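Below: one structure, written as structure tokens.
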Amino acid sequence: MGELIRHEYCLPLAVLDADLNLIGGKGMSLASLSAAGFPVPNGFHINADAYRAYIETHNLHDRLMQLAKPVLVDKRVSFEAASRNIQTLFSEHNMLENIKESIISAYQSLEGNGAVAVRSSANAEDLPDMSFAGQQDTYLNVRGIDAVIAAVQNCWASLWTDRALSYRHEMGVDNDLVAMSVVIQRMVDAEAAGVLFTVNAITGERSELVINASFGLGEAVVSGQVTPDSFTLAREDLRVRELAIGAKEQMMVADEDGTILKANDERARDSASLSTAQLKTLAELALRVEAHWDGVPQDIEWALSSTPNESSFH
């Protein structure tokens with residue numbers, strides 16, 4: 001398929017002249033890594049102007065501000081009712097045709113235009129002293145343009161979930177200033193996946209890297225749905241210092257309706273999800289990513305994709 005052409009609402013993944021307010025924290029990180037040549041799955045950004053146009057055209061701003069207020073429930077601040085009402089509000093308003101056409105064009109430019117991950121990227125992410133990780137939604141193994149459009153709209157609505165509203169309230173972030181961009185990326189057929197920390201997050205030890213890994217898609221590790229393997233590596237030579245084989249009772253895999261959890265057999269549960277050579281390759285890649293960010297410690301989501309002739313990390 002052809003290369004993605006810049007549009008008012010859709011931008012190539014490796015775009016470098018966009019800012020946080022346009023493509024959000026996750027989008028900024030992926031754009032920088034992609035432009036630097038790291039193995040980031042191809043895709044595109046639906047910038048936050050699309051979200052803003054949707055809100056403005058449907059006259060939702062004032063209604064959102066009215067609804068996004070807490071109430072006291074059993075003497076605690078609750079946004080549950082606010083979130084339910086806002087989710088209903090989004091479901092009642094269709095995607096704008098010009099935005100839809102832009103997304104269709106960008107989606108069709110992806111090679112094979114098959115299964116994709118649809119990932120929220122809010123402009124409030126990556127602010128100093130705050131962590132918005134996990135506050136908004138991601139949809140995996142999304143197939144077909146109708147499903148992509150629905151997932152994008154659901155990502156927009158996830159800016160107003162109970163957990164997102166509660167966190168912004170706690171951190172003093174003005175709801176009037178937030179907006180949502182969305183990253184669309186080709187799905188990786190993951191043999192194993194997980195998270196890597198370039199510093200030991202538990203002990204603070206800078207001489208160690210920690211890798212959490214399991215078979216299948218990494219969302220099961222990120223969301224805590226499985227007990228992963230844990231590998232602690234020495235930064236100086238990337239040798240394994242500690243190994244803890246996780247239970248890995250289940251693995252997350254792609255399904256025709258998205259993803260499902262399926263049981264691992266006993267052999268998989270008792271086996272390490274990465275070999276020593278794979279651990280070293282992944283750690284080397286992670287240190288290159290850290291160097292790209294001027295030595296700032298990183299937590300990196302990764303996936304291992306294997307073909308008959310090659311294994312590679314993304």
Side-chain angles (χ1 to χ4, degrees), residues 25-26 28-30 32-33 38-40 119-120 122 124-138 140 163-164 166-167 170-171 188 190-252 261 264 268-304 313-314:
K26 186 184 283 90
M28 290 285 288
S29 296
L30 291 169
S32 180
L33 291 171
F38 287 95
V40 179
R119 313 178 68 190
S120 299
E125 291 178 359
D126 290 357
L127 295 178
D129 302 320
M130 297 186 197
S131 175
F132 286 82
Q135 297 298 320
Q136 286 87 40
D137 291 342
T138 288
L140 302 179
R163 62 185 182 276
S166 296
Y167 189 75
E170 179 184 345
M171 303 305 296
V188 173
E191 175 184 312
V195 183
L196 182 150
F197 303 89
T198 61
V199 59
N200 191 320
I202 296 176
T203 66
E205 181 58 60
R206 287 298 307 269
S207 68
E208 295 178 340
L209 294 80
V210 176
I211 300 172
N212 293 331
S214 190
F215 297 114
L217 298 173
E219 180 63 20
V221 176
V222 174
S223 62
Q225 293 176 282
V226 300
T227 303
D229 298 333
S230 179
F231 307 91
T232 302
L233 278 64
R235 178 181 285 260
E236 60 182 2
D237 57 12
L238 303 184
R239 292 180 180 271
V240 178
R241 286 183 176 174
E242 296 181 22
L243 162 62
I245 299 294
K248 304 190 299 294
E249 298 96 339
Q250 298 175 307
M251 65 185 294
M252 182 176 287
L261 286 170
N264 274 325
R269 295 181 190 186
D270 295 336
S271 301
S273 48
L274 292 176
S275 68
T276 300
Q278 289 169 337
L279 288 168
K280 183 177 181 181
T281 299
L282 177 58
E284 289 171 343
L285 177 59
L287 291 179
R288 287 174 48 215
V289 171
E290 185 186 74
H292 176 75
W293 298 113
D294 300 322
V296 176
Q298 301 292 309
D299 58 284
I300 303 165
E301 295 181 30
W302 57 269
L304 172 66
F313 286 99
H314 302 272

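Note that the structure is predicted; figures quoted are calculated from it, not measured. Because only heavy atoms are used, hydrogens play no part in the values below, and waters and symmetry mates are left out as well, while side chains stay in.
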Quick one: pull up CD1 in I202 and OG in S230 and give me the separation to the nearest 0.5 Å. 7.0 Å
Output yes when a side-chain donor or acceptor of D229 lies under 3.5 Å from a complementary backbone atom of I245, and no otherwise. no
How long is the straight-line distance from CE of M251 back to CD of Q225, given to the nearest 0.5 Å? 13.0 Å
Tell me, do L274 and F313 make a side-chain contact under 4.5 Å, heavy atoms counted? yes
Any non-hydrogen side-chain atom of S29 less than 4.5 Å from a side-chain atom of Q298? no
Residues that E301 engages under salt bridge (charged side-chain N to carboxylate O under 4.0 Å, His left out), provided they are two or more places apart: R119
So, S120 side chain and D137 main chain: donor-acceptor pair closer than 3.5 Å or not? yes
Using every non-hydrogen atom in the two residues, find where G295 and R206 come nearest and quote the distance to one decimal. O-NH2, 3.6 Å
When rounded to the nearest 0.5 angstrom, what distance separates CG in L238 from CG in L233? 6.0 Å
Smallest heavy-atom separation, W302 atom then A213 atom, equals CZ2-CB, 3.5 Å
S273 to S214 - nearest heavy-atom pair and separation: OG-N, 3.7 Å
Closest non-hydrogen atom pair, R241 against A234: NE-CB, 3.2 Å
Please tabulate, for side-chain N and O atoms in residues 280-291, each donor-acceptor pair with protein atoms closer than 3.5 Å (sequence neighbours left out).
from	atom 1	to	atom 2	distance (Å)
T281	OG1	A277	O	3.1
E290	OE1	R235	NH1	2.9
E290	OE1	R235	NH2	3.4
E290	OE2	T198	OG1	2.8
E290	OE2	R235	NH2	3.2

Value for CG (L30) from CZ (F38), rounded to nearest 0.5 Å, stands at 12.5 Å
Which atom of A268 lies closest to which atom of K248, heavy atoms considered: O-CE, 3.3 Å
Value rounded to 0.5 Å, distance of CG in L279 from OG1 in T232: 10.5 Å
Which heavy-atom pair separates A190 from L217 by the least distance, and what is that distance? CB-CD2, 4.0 Å
Let me see the working for E205 and N200 under side-chain hydrogen bond (donor to acceptor under 3.5 Å, both in side chains), right down to the final yes or no. CA-CA 5 Å; E205 181 58 60; N200 191 320; over 6 Å; no
Residue pairs passing the ring pair (Phe, Tyr, Trp, His ring centres under 6.0 Å) test with at least one member in residues 192-248, sequence neighbours excluded, are none
